[in-house]
Amino acid sequence: MGHGIAEVTAIGGYDVAMRDIEEDIVREGYEQIKWSLGKLDEKDQIDESADEVLERIETTTDISEAVSDADLVIEAVPEQMEIKEDTFSAVDEHAPDHAVLASNTSSLSISSIASATDRPEQVVGLHFFNPPVKMDLVEVTYGEATTDETAEIAHEWAESVNKTPIYVRKDVHGFVVNTVLVPFMEEAAWMLSNDETTVREADATMVYERGYPMGPFELNDFGGIDVAYHFRDESGQPVPPAIAEKVEAEELGKKSGKGFYDYEDGDGVDYEPEDSGGYDALRTEAVMINKAAWLIGNDVATPEEIDIGLRLGGSFPEGMCRRGDRIGLDVVLEKLESLYEEYGEERYDPTDYLVELVEEGWTGEDAGKGFFDYRVDPPYHYINWEIDDDGVLAVELDRQERMNSMSEDMFAEIDRLLNDVDADEVSCVVFEGAGDRAFSSGADITGFTAGEPTDIMDVDEMFQTVYEFPRPTVAKIDGFCLGAGIELALACDIRIATEDSTIGTPETNLGVIPGGGATQRLVRLVGEGRTKEMVFRGMQFDAVQAEEWGIINHAVSDDELEELVGEIVDDLVSGPPVALKAAKQVINDGPEASLEAALAMEKQAFAVLSTTDDMYEGVAAFRQDREPQFEGE
Ligand SMILES: C/C=C/C(=O)SCCNC(=O)CCNC(=O)[C@H](O)C(C)(C)COP(=O)(O)OP(=O)(O)OC[C@H]1O[C@@H](n2cnc3c(N)ncnc32)[C@H](O)[C@@H]1OP(=O)(O)O
């Protein structure tokens, strides 16, 4: 883990001294960084060359040499308190007074670690997820003595190396992510121990019916069953027998060849969709939501932070606060109360904050408020947007952990934004994807088996809203643009992409067809033959071919993208708003009418426009040889 953190830090532009106790170990870490940077360089995922980044990393076995001029020291030694304390005490002795000392522990107390130093107020947790190069999340954890200033320095530093930090405001065991995530595995293990489920039934239900990326036993095997065991044991909590027995038998999961599944003599993870059902998913989710409520009620984290943590750290399709608001907190509370009555276990005891919300009637989205407030300016979780002084509405699809794939919520947020925004304040809309990998990789596939067919069919509303939005829309594509991603782009008026972006309609590979308008919009754009070939074969190709086929307007180099989109936007901003609106309407509606009717539509629009102030302004500007100043009147 240490070398991964060193790599991320160097990619972020910092000089790094990487220290381990033996030359061989530190060299091995360096070689791994070199290999990883080479791969990133090859895939064009770093701005500099691998060698340039490597130049910023030096290795040593001498702790004083490593830390004597450091501003930030990040420890990633084995998870044993004694080793942590020894390391912190040595670092404290040699690091400059101003230096912040951080621990990458995932389970030990920051306060205890800090007590080995004379500067506990400058000690903080910086918990990375594995591998740090790939995983975006960092938990910034306060110890008892940590000052806001120290936590802010750590938070800002994490942002500066392109990570997404969340604050963990109290030093609680498991911090934010594991506090909520561990019950996902544990509750299933309790149910298995009580013969209330089977491994396959639990995994299949959570994946195929509830949309989680892995089942609880699959996840346990993946992360190591001993890790789950120690997590419980360290906190003095009883361990589910199903987990303890596996650890005793040294069946620790994938790494040992056998866990809940058999990876050596069996088929490994082998549950099927038909195994789902029967498992009490709400029981698991209620316990997790109860934990989330406990974190909020005790000022450890906000609902936003918890949900970002679960999405980025646990690859969950949505956070548990959002999920709780959807399920209904009254339903969750009722479930917990009945479990508490039946089993008497502390984990079912509803936390005060959850009870308070329900008593106040704030039971979730349907009530207008739950963990989140949906009443005024409901939150946008999956898109970022702003309108600049020129009226350019920039919409960024932001679900980077899943290639900006579109969940039901993201579809709804785009639709809501375009319906709620005052179109008169908008000159044009530009859609793009957050991060540097994708515009959007399509609809969220994990939602396919979890949702009702009617929910999935509802997505077309958003595409239609985009298509009919009365202002010009532009898709700025850089990276994967697949499935619903290209369908959103096709609903836009103009599409610009970087040359190596991947455009395609892979839906038939999933046994479905495009459902956001591609079959119809593509056929109108590129004809039946090409549409059928693309859709039937689930084709994906680069933007140069997409331009050749007429699917996008321009394929440009990485350097040219901003410039060309900027030029187009400038033209749209300075164009005559009423005429652009009319042009869009006539161009959109014309093909659905007979030529005669379409020409009549155009003629009528022309006639109306010829009475506008903008037309007089256009003509006057032409005569006076100046740029027109259109007012949209
Ligand atoms: C009505 C509309 C219907 C549709 O749109 S159907 C969906 C059509 N789209 C697709 O079939 C594309 C699916 N995605 C892919 O094929 C690949 O991804 C890419 C080629 C885009 C990229 O591949 P790579 O570079 O190897 O990345 P990675 O590890 O596959 O993706 C990173 C994380 O993103 C998740 N992800 C990507 N696309 C989707 C998606 N469309 N729905 C849900 N998750 C997605 C992955 O699973 C993974 O996640 P983890 O890191 O947890 O393993």
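The first residue in the sequence is number 1, and the count goes up from there. Both backbone and side-chain heavy atoms feed into the values below; hydrogens, waters and symmetry mates do not. We count ligands from 1, going down the list as the structure has it; atoms in each ligand are counted the same way.
Atoms of ligand 1 lying under 4.0 Å from any heavy atom of E487, numbered from 1 in the order shown and given with element: 1 (C), 2 (C). Contact atoms of ligand 1 toward S315: 52 (O) (distance under 4.0 Å to a heavy atom of the residue). Counting atoms of ligand 1 from 1 in the listed order, those under 4.0 Å from a heavy atom of G442 are 5 (O). The F480 neighbourhood of ligand 1 comprises atoms 20 (C), 21 (C), 22 (C), with distances under 4.0 Å to a heavy atom of that residue. For ligand 1, the atoms lying closer than 4.0 Å to a non-hydrogen atom of R437 are 25 (O).
A cation-pi arrangement is not found for R311 relative to F316, the charged atom failing to lie both closer than 6.0 Å to the ring centre and inside a 45° cone about the ring normal. For the pair K163 and F128, the cation-pi criterion (under 6.0 Å, within 45° of the ring axis) is not fulfilled.
Counting only distance, with no hydrogens or angles, the side chain of K584 and the backbone of R471 share a donor-acceptor pair below 3.5 Å.
Under 4.0 angstrom from ligand 1, the non-hydrogen atoms of A484 come from both its backbone and its side chain. When non-hydrogen atoms are compared, ligand 1 lies under 4.0 Å from the backbone of A443 as well as from its side chain. At a heavy-atom cutoff of 4.0 Å, ligand 1 is contacted by the side chain of L510 but not by its backbone.
Contact between I551 and L525 at its shortest, heavy atoms only, is O-CD2, 3.7 Å.
Side-chain polar atoms of S256 and E251 form no donor-acceptor pair below 3.5 angstrom. T205 and E209 share no donor-acceptor pair across their side chains, judged by distance under 3.5 Å alone.
When only interatomic distances are considered, the shortest N/O to N/O separation between P514 and ligand 1 does not fall below 3.5 Å.
By the 4.0 Å heavy-atom criterion, P213 is excluded from the residues contacting ligand 1.
Between the choices E401, K134, M403, M135, the shortest heavy-atom distance to atom 24 (P) of ligand 1 belongs to M403. Of the candidates S405, G483, S441, it is S441 that places a heavy atom closest to atom 10 (C) of ligand 1.
The aromatic rings of Y263 and Y261 sit perpendicular to each other, their planes meeting at more than 60°, with 30° as the lower class boundary.
With a 6.0 Å radius and a threshold of 12 heavy atoms from other residues, nucleotides or ligands, F222 has its CZ atom at or below the threshold.
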